[in-house]
Each structure stands twice: as structure tokens, then as C-alpha cells.
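This structure is in C-alpha cells; I'll ask about it shortly.
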Amino acid sequence: MRLYLASTSPARRALLAQTGIEPVLVAPGVDEDAAVASVSAALGRDLTGPELVAMLAVEKAAAVADVRVAGSPVDGFVFGGDSAFEVDGVLYGKPHDPAVARARWRQMLAAGGGTLWSGHCVVDRRRDVVSTDHGPGGAGRTGTVPPVRHVDASGGGPLGVAASLTHVAPGGSELVAAGDRVVAVDSAVLTFADDMSPEEIEAYVATGEPLEVAGSFTIDGRAAAYITRIDGAPSAVVGLSLPVLRSMLLRGFGVAWHDLWAL
């Protein structure tokens, strides 16, 4: 069974490959800044962290769900993901510029840490399945991934199904199902080292690693030594929460994780 990754992120691909899944990578071509600006303007306010990452995850998955890949229609599941880092109520995306990355690191260290929001959307495009039959709900013990909640996306206004994920608490997660898709937000609360020096910030930014990643750091790279604690799934900090993705497939579509392994 194929999993199409609506992303060209090496980190997300590597994360899935480590678990035995070899995704088909397809660039979604979504103008993220324009999409966020459009929805924010329609709402008359800024998006919350959960809203932003859920909305962009849906946009990316939807952009790939009905394209042709290598001349053939998509046949399998399409995954779209997005991440943002929140510090003291301010959302940080990719800094792009070294000066911005340095400033963000100073702000993150002053705050002591922040919340990494990770948005997920899985769209069912299996061509041998007539209709999507959302699978077992699962009770979800305390401290584990919660059950899937069924919602009506038509009532979400400009946010669509993402409107149902507005109030996820830092360190928590939530899953909703609507039609042929399951959408989820997971989060992890990070604590940074309290003795990181300006010289260390300068040296890290000079590597170029933090410039094209949400929050200006990567847990699977050089910044790992500067992160002292993670409350949540470590994989969510990399770019997608593996426990949440597994639950989306199992509870949303009745598909076991090992069914996606490249054996």
C-alpha cells in the first residue's frame, strides 16, 4: 500500500524510511504565505498554532490527492504535514535569513522553550476502495493519542476542517475525520539549555541548518545538544508525529501501520 508524501522534506522522508515506509514524494506547490494570509484576512485575525499547521497540512495533501504521478493517478494514502514553533504566543516559521534566525534563538532562550505544533492530513485515494469507511475509534488511554472525532467540515468557514482543531493544548493532540480525510494536530513542549552562549548561537546559525526549518532548529541535527527536554513525541519535532500518523490510519481507515511497510 502506497503512502504519498506531499512534501520534499528530507527529514520527513527519512523519518518514514526509518520505520520501514518508503513514501512517494510529490511537491505540493502550495504558496504557504499566501494561503495563511488569505484565511487570516477572511477571519479578521491571526491563526492559532493548531489552526495554521492543520490548515496547511490539508492544503498540501489536497494539492497532491488528485494529481497524476509518473503518468498514473494517485493510488493509496496522501499525507500532508506542516510545523510551526510558538514562543510566548508568537508563531515562528522558517527564518530564511541568518539575522532572523539569530534573533529567534535569543528570543527562544529568553523564554526557556516553546511549543512545536505539527499538523497532519491523510487523504484516502485508494482506487480499489469504493468509499471511505472510518475504522475503529479506539478509546485512547490518558497520555496516548486520543480517539478520532467525526466532524462536519462544511461548518468550518475559511478554515474548513481545521476549525475543529483550534483549541489543542500545548503538549496535547487531537484527531478529527471528515469525508475522505483525517486531520490531526500533535504538539511537543521543548526546553532549551539555559547556558547557550552568543558564540554558540552564531556558530549554529553559520551552519545554515536552521534557516529552512520551522523554529530555526532541528532535533535530528546539530541543535539536538541544545534541547534539554521534550514533552511529547520526538518525531513530531522532526516534522511528523509517527504515533499520531499510525492512529490516523488505524482509527480513521482501519489500516494497520505494517501494511505500509516496504517489505
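In this chain, residues are counted from 1 in sequence order.
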Q. Run the side-chain contact (heavy atoms from CB on, under 4.5 Å) check on Ile230 and Val237 step by step: do they pass?
A. CA-CA 9 Å; Ile230 300 174; Val237 186; 4.2 Å; yes
Q) Any side-chain heavy atom of His120 within less than 4.5 Å of one from Val185? A)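 Counting from C-beta outward, His120 and Val185 never come under 4.5 Å.
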Q. What's the spacing between Glu212 CD and His96 NE2 if we round to 0.5 Å?
A.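 That separation rounds to 5.5 Å.
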Pair up each side-chain donor or acceptor in residues 28-43 with any protein partner under 3.5 Å, not counting sequence neighbours, and list the distances.
{"unit_1": "Asp31", "atom_1": "OD1", "unit_2": "Asp33", "atom_2": "N", "d": "3.4"}
{"unit_1": "Asp31", "atom_1": "OD1", "unit_2": "Ala34", "atom_2": "N", "d": "3.1"}
{"unit_1": "Glu32", "atom_1": "OE2", "unit_2": "Lys60", "atom_2": "NZ", "d": "3.3"}
{"unit_1": "Ser40", "atom_1": "OG", "unit_2": "Val36", "atom_2": "O", "d": "2.9"}

Q. Using 4.0 Å as the upper bound for N to carboxylate O, is an ion pair formed by Arg126 and Asp124?
A.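 Salt bridge flag = yes for Arg126 with Asp124.
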Q | Ion pair Glu22/Arg2, N-O distance below 4.0 Å | A |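 Result for this pair is no, no salt bridge flagged.
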Q: Spell out, yes or no, whether Leu56 and Val176 are grouped together once hydrophobic residues are joined by side-chain heavy atoms under 4.5 Å, including indirect joins.
A: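 In one cluster with Leu56: Val176, yes.
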Q) Is a side-chain N or O of Ser241 found less than 3.5 angstrom from the main chain of Asp186, in a donor-acceptor match? A)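 The answer is no, because no donor-acceptor pair under 3.5 Å joins these two groups.
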Q.
Count I, L, V, M, F, W, Y as connected when their side-chain heavy atoms are under 4.5 Å apart, and connections chain through other members. Are Val122 and Leu260 then in the same cluster?
A.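 Shared cluster, yes.
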Q) Does Val100 share a hydrophobic cluster with Ile201, counting links as ILVMFWY side-chain heavy atoms below 4.5 Å and allowing steps through other members? A)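 Different hydrophobic clusters.
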Q: Would you check if the side chain of Arg104 reaches a backbone N or O of Ser216 as a donor-acceptor pair within less than 3.5 Å?
A: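 Not confirmed, Arg104 side chain does not pair with Ser216 backbone.
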Q. By the rule that ILVMFWY residues connect when side-chain heavy atoms come within less than 4.5 angstrom, directly or transitively, which residues belong alongside Val213?
A.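 Direct or chained contacts put Val213 with none.
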Q.
So does Thr191 get a backbone contact from the side chain of Thr228, meaning a donor-acceptor N/O pair under 3.5 Å?
A.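 Here the side-chain-to-backbone pair exists.
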Q. With side chains defined as the heavy atoms from C-beta onward, is the minimum distance between Glu51 and Leu165 less than 4.5 Å?
A.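 Result no, sub-4.5 Å side-chain heavy-atom pair not found.
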(Q) Could you go through Asp152 and Val161, starting from their C-alpha distance and side-chain angles, then the distance that decides it, and tell me whether this counts as side-chain contact (heavy atoms from CB on, under 4.5 Å)? (A) CA-CA 7 Å; Asp152 180 3; Val161 68; over 6 Å; no
Side chains of residues 62-77: which donor-acceptor pairs under 3.5 Å do they make with residues two or more places apart or in other chains?
{"unit_1": "Asp66", "atom_1": "OD1", "unit_2": "Arg125", "atom_2": "NE", "d": "2.9"}
{"unit_1": "Asp66", "atom_1": "OD1", "unit_2": "Arg125", "atom_2": "NH2", "d": "3.3"}
{"unit_1": "Asp66", "atom_1": "OD2", "unit_2": "Arg125", "atom_2": "NH2", "d": "3.4"}
{"unit_1": "Arg68", "atom_1": "NE", "unit_2": "Gly71", "atom_2": "O", "d": "3.2"}
{"unit_1": "Arg68", "atom_1": "NH2", "unit_2": "Gly71", "atom_2": "O", "d": "2.6"}
{"unit_1": "Asp75", "atom_1": "OD1", "unit_2": "Arg127", "atom_2": "N", "d": "2.9"}

Q. Short question: side chain of Arg149, backbone of Glu174 - any donor-acceptor pair under 3.5 Å?
A.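 It does not hold such a pair.
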Q. If we only count heavy atoms from C-beta on, is the Leu175 to Pro147 side-chain gap below 4.5 Å?
A.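 They are not in contact (no side-chain heavy atoms under 4.5 Å apart), so the answer is no.
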Q. Just by modelled atom types, is the Val151 backbone N or O under 3.5 Å from a matching donor or acceptor in the Ser164 side chain?
A.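 Between the backbone of Val151 and the side chain of Ser164 there is no qualifying donor-acceptor contact (under 3.5 Å).
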Q. What about Phe85 and Val205, same hydrophobic cluster or not, with Ile/Leu/Val/Met/Phe/Trp/Tyr joined at side-chain heavy-atom distances under 4.5 Å?
A.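 The answer is yes; both residues are in one hydrophobic cluster.
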Q) For Tyr92, does its backbone N or O pair with a side-chain atom of Glu86 as donor and acceptor, under 3.5 Å? A)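 Checking the backbone N and O of Tyr92 against the side chain of Glu86, no donor-acceptor pair under 3.5 Å is found.
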Q. Going through the distances and angles, do Thr19 and Trp257 end up as a side-chain contact (heavy atoms from CB on, under 4.5 Å)?
A. CA-CA 10 Å; Thr19 70; Trp257 186 247; 3.6 Å; yes
Q: For residues Tyr204 and Phe217, establish whether the separation of their ring centroids is below 6.0 Å.
A: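 Ring centroids of Tyr204 and Phe217 are no less than 6.0 Å from each other.
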Q.
For a side-chain contact (heavy atoms from CB on, under 4.5 Å) check, start with the C-alpha distance between Thr218 and Glu209, then their side-chain angles and the critical distance, and finish with the verdict.
A. CA-CA 8 Å; Thr218 59; Glu209 182 180 274; 2.8 Å; yes
Q. Is the backbone of Trp261 close enough, under 3.5 Å, to the side chain of Asp259 for a donor and an acceptor to pair up by distance?
A.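 Such a contact is absent between Asp259 side chain and Trp261 backbone.
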